[in-house]
There are 2 protein chains.
Amino acid sequence: METKGKRILIADDEPDILEIVSYNLGKEGYEVYTAKDGNEAIERAKQLNPDLIILDVMMPKKTGVEVCSILRSQALFQETLIIFLTALSDEASHIKGLETGADDYVSKPISPKVLVSRVNALFRRVNKDDGKTLKIGNISIDPVKFMVEIEGKEIILAKKEFELLYLLASKPGRVFLRNEILSQVWGMDVIVGDRTIDVHIRKIRQKLGVDCITTVKGVGYKFEI
Amino acid sequence: METKGKRILIADDEPDILEIVSYNLGKEGYEVYTAKDGNEAIERAKQLNPDLIILDVMMPKKTGVEVCSILRSQALFQETLIIFLTALSDEASHIKGLETGADDYVSKPISPKVLVSRVNALFRRVNKDDGKTLKIGNISIDPVKFMVEIEGKEIILAKKEFELLYLLASKPGRVFLRNEILSQVWGMDVIVGDRTIDVHIRKIRQKLGVDCITTVKGVGYKFEI
DNA sequence: TTTTGTGTAAACTTAATGTTATCATGGAAA
DNA sequence: TTTCCATGATAACATTAAGTTTACACAAAA
């Protein structure tokens with residue numbers, strides 16, 4: 001599940017919060033950018049076109065709710081995810097937030113862990129391909145249960161094995177170059193040896209017991225029945 | 001996936017980096033040109049009209065960011081791909097880079113492998129022609145599935161065979177000189193014997209079972225039904 | 001702490017693919 | 001018709017990519 005490349009913009013007037021949240025989301029692999037008030041949030045959102053914007057409700061210049069409705073009025077931000085940070089008590093802005101089209105809200109004081117998991121959940125929910133059980137022939141691959149089923153028989157794959165299989169199976173028939181596989185499953189910046197993919201492929205073939213991964217020599221691998 | 005013919009300009013003031021990157025991208029089949037400062041980068045970009053420009057952010061004369069925004073302001077470089085090389089810590093220029101319209105950025109210290117895969121990925125993302133299924137009569141040639149289908153029957157070709165067939169079929173009726181075929185499928189710096197093409201042609205004819213490749217004696221080959 | 005599972009690397013084997021050498025063939029020019 | 005030459009055919013050979021196995025490092029679980 002690569003989180004790489006997802007851009008998150010977080011706007012809050014408290015530097016501490018910016019820092020803590022940035023750090024924790026950054027650790028998850030997201031690209032995090034910050035803004036310290038409402039106007040800056042809008043400006044940077046336009047520059048960056050982030051995948052997710054986290055808005056504090058109480059901010060100088062413009063409140064989170066205002067920012068949200070301004071952004072939502074533009075086509076570019078129709079699909080952008082927005083999370084509000086609200087004071088626990090502030091029920092009113094919670095409601096306003098949902099009205100103006102927020103996707104989630106998190107109450108202060110923030111637990112980094114909670115926020116991170118909400119963010120992940122949001123991306124998972126949205127990312128259409130993500131979390132969808134793939135069914136190809138009598139093989140079903142469920143990334144939520146993290147499980148592969150062949151004719152009712154459950155098969156446990158290790159993490160990397162599963163990710164690799166899921167990638168291939170996500171576009172049956174399509175050939176994935178080794179490079180593509182590396183960058184999607186391992187991440188762009190991870191360097192692993194040449195044989196590593198083979199070994200994983202082999203383990204998958206072994207565990208599945210069904211020949212559904214085809215080698216296209218000199219090119220890559222593809223999933224097909 | 002022929003990378004041949006793609007021109008890359010790389011600008012950096014460190015000769016070592018120029019050399020390493022040139023070598024690695026050259027090995028991939030790209031044509032690589034270099035510049036050692038911002039002004040030279042702009043000058044050569046205008047001469048060469050490269051497909052991709054890799055800019056070090058910290059350069060004498062003009063920084064990469066400056067070069068980028070200058071180039072981007074001209075119509076000619078609207079479509080040109082641009083990658084920044086930045087020091088790991090330098091968040092500010094990363095952001096500036098994205099603002100000025102960079103397509104990707106890579107942190108120093110550079111791993112040649114990473115850079116190469118980023119470059120490939122970038123070209124793949126952009127190259128629209130790539131992955132287009134050719135359909136001529138009842139023959140379809142799908143470079144994504146890496147597969148040839150004739151009247152519903154799937155036929156497996158080896159890599160070179162497929163590339164050769166794909167080339168010929170990309171312009172049905174057009175005669176490809178042996179020289180052209182060599183440089184497109186094998187690359188111009190690869191030297192292979194005279195009979196090599198024939199052998200591959202023969203294998204394709206054999207596997208397809210349909211006579212769709214015509215010999216134009218003394219000239220070359222063409223694809224036609 | 002020990003155990004177990006997972007991911008990666010290294011060394012080696014196997015198989016697929018690509019290339020060349022050689023000779024055959026068949027058509028065009030002389 | 002004969003000669004020449006480009007290409008076809010085939011098998012041997014070379015090269016390269018992938019499969020296999022083992023080992024080891026590391027982290028999570030017991």
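Just so it is clear, the values below take in all heavy atoms, side chains as well, and ignore hydrogens, waters and symmetry mates. Proteins come first, then strands; the chains are lettered A, B, ... in the order of their sequence lines, and each starts at number 1. Everything quoted here is computed from the prediction, not taken from an experiment.
Nearer the 5' end of DNA chain C, as judged by each residue's closest nucleotide, is the contact made by A:Lys207, out of A:Arg195 and A:Lys207. If you find the closest nucleotide of DNA chain D to A:Asp198 and to A:Arg202, the one lying nearer the 5' end belongs to A:Asp198.
Here A:Arg178 reaches the OP1 or OP2 of D:dA18: one of its side-chain N or O atoms lies under 4.0 Å away. Here B:Thr196 reaches the OP1 or OP2 of C:dT20: one of its side-chain N or O atoms lies under 4.0 Å away. Applying the 4.0 Å criterion to OP1 and OP2 of C:dT8, one finds that A:Trp186 has a side-chain N or O inside that range. Under 4.0 angstrom from either OP1 or OP2 of D:dG8 there lies at least one side-chain N or O belonging to B:Tyr221. In this model, the phosphate group of D:dA6 is not approached by any side-chain N or O of B:Thr215 to a distance below 4.0 Å at OP1 or OP2. For D:dA9, the OP1/OP2 oxygens have no side-chain nitrogen or oxygen of B:Arg205 closer than 4.0 Å. Not one side-chain nitrogen or oxygen of A:His200 sits closer than 4.0 Å to the OP1 or OP2 atom of C:dT6.
Ranking C:dG18, D:dT21, D:dT10 by closeness to the A:Val199 side chain, first place goes to D:dT21. The nucleotide whose nearest atom lies closest to any side-chain atom of B:Ala158 is, among C:dT8, C:dT17, D:dT20, C:dT17.
In this structure, A:Leu177 and A:Ile181 have side chains that are not in contact, with every pair of non-hydrogen atoms separated by 4.5 Å or more. Looking only at side-chain heavy atoms (C-beta outward), A:Asp194 and A:Thr196 stay at 4.5 Å or farther from each other.
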Report the C-alpha separation of A:Lys36 and A:Asp56 in whole Å, then their side-chain angles, then the decisive distance to 0.1 Å, and conclude whether the salt bridge (charged side-chain N to carboxylate O under 4.0 Å, His left out) test is met.
CA-CA 10 Å; A:Lys36 59 185 181 303; A:Asp56 184 23; over 6 Å; no
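Spacing between atom CZ of A:Phe162 and atom P of C:dG7 amounts to 13 Å, rounded to whole angstrom units. Between the CD1 atom of B:Ile204 and the P atom of C:dT19 there is a distance of 12 Å, rounded to whole Å. Here C:dT19 presents its P atom at 13 Å from CD1 of B:Ile191, a figure rounded to the nearest Å. With rounding to whole Å, A:Lys222 atom NZ is found 16 Å from D:dA18 atom C1'. To the nearest angstrom, C1' of D:dT22 lies 13 Å from CD of A:Gln206. Here D:dG19 presents its P atom at 11 Å from CG of A:Asp211, a figure rounded to the nearest Å. One interatomic measurement links the two molecules: CG of B:Asp194 to C1' of D:dG8, which rounds to 14 Å at whole-angstrom precision. Distance, A:Ile197 CD1 to D:dG19 C1': 14 Å, rounded to whole Å.
Figure legend: B:Arg174 and B:Phe176 shown as a cation-pi pair, the cationic atom lying under 6.0 angstrom from the six-membered ring centre and within 45 degrees of its axis.
Here B:Lys217 lies in heavy-atom contact (under 4.0 Å) with a base.
In summary, the side chains of A:Glu149 and A:Ser140 do not present any donor paired with an acceptor at a separation below 3.5 Å, with no hydrogens or angles considered.
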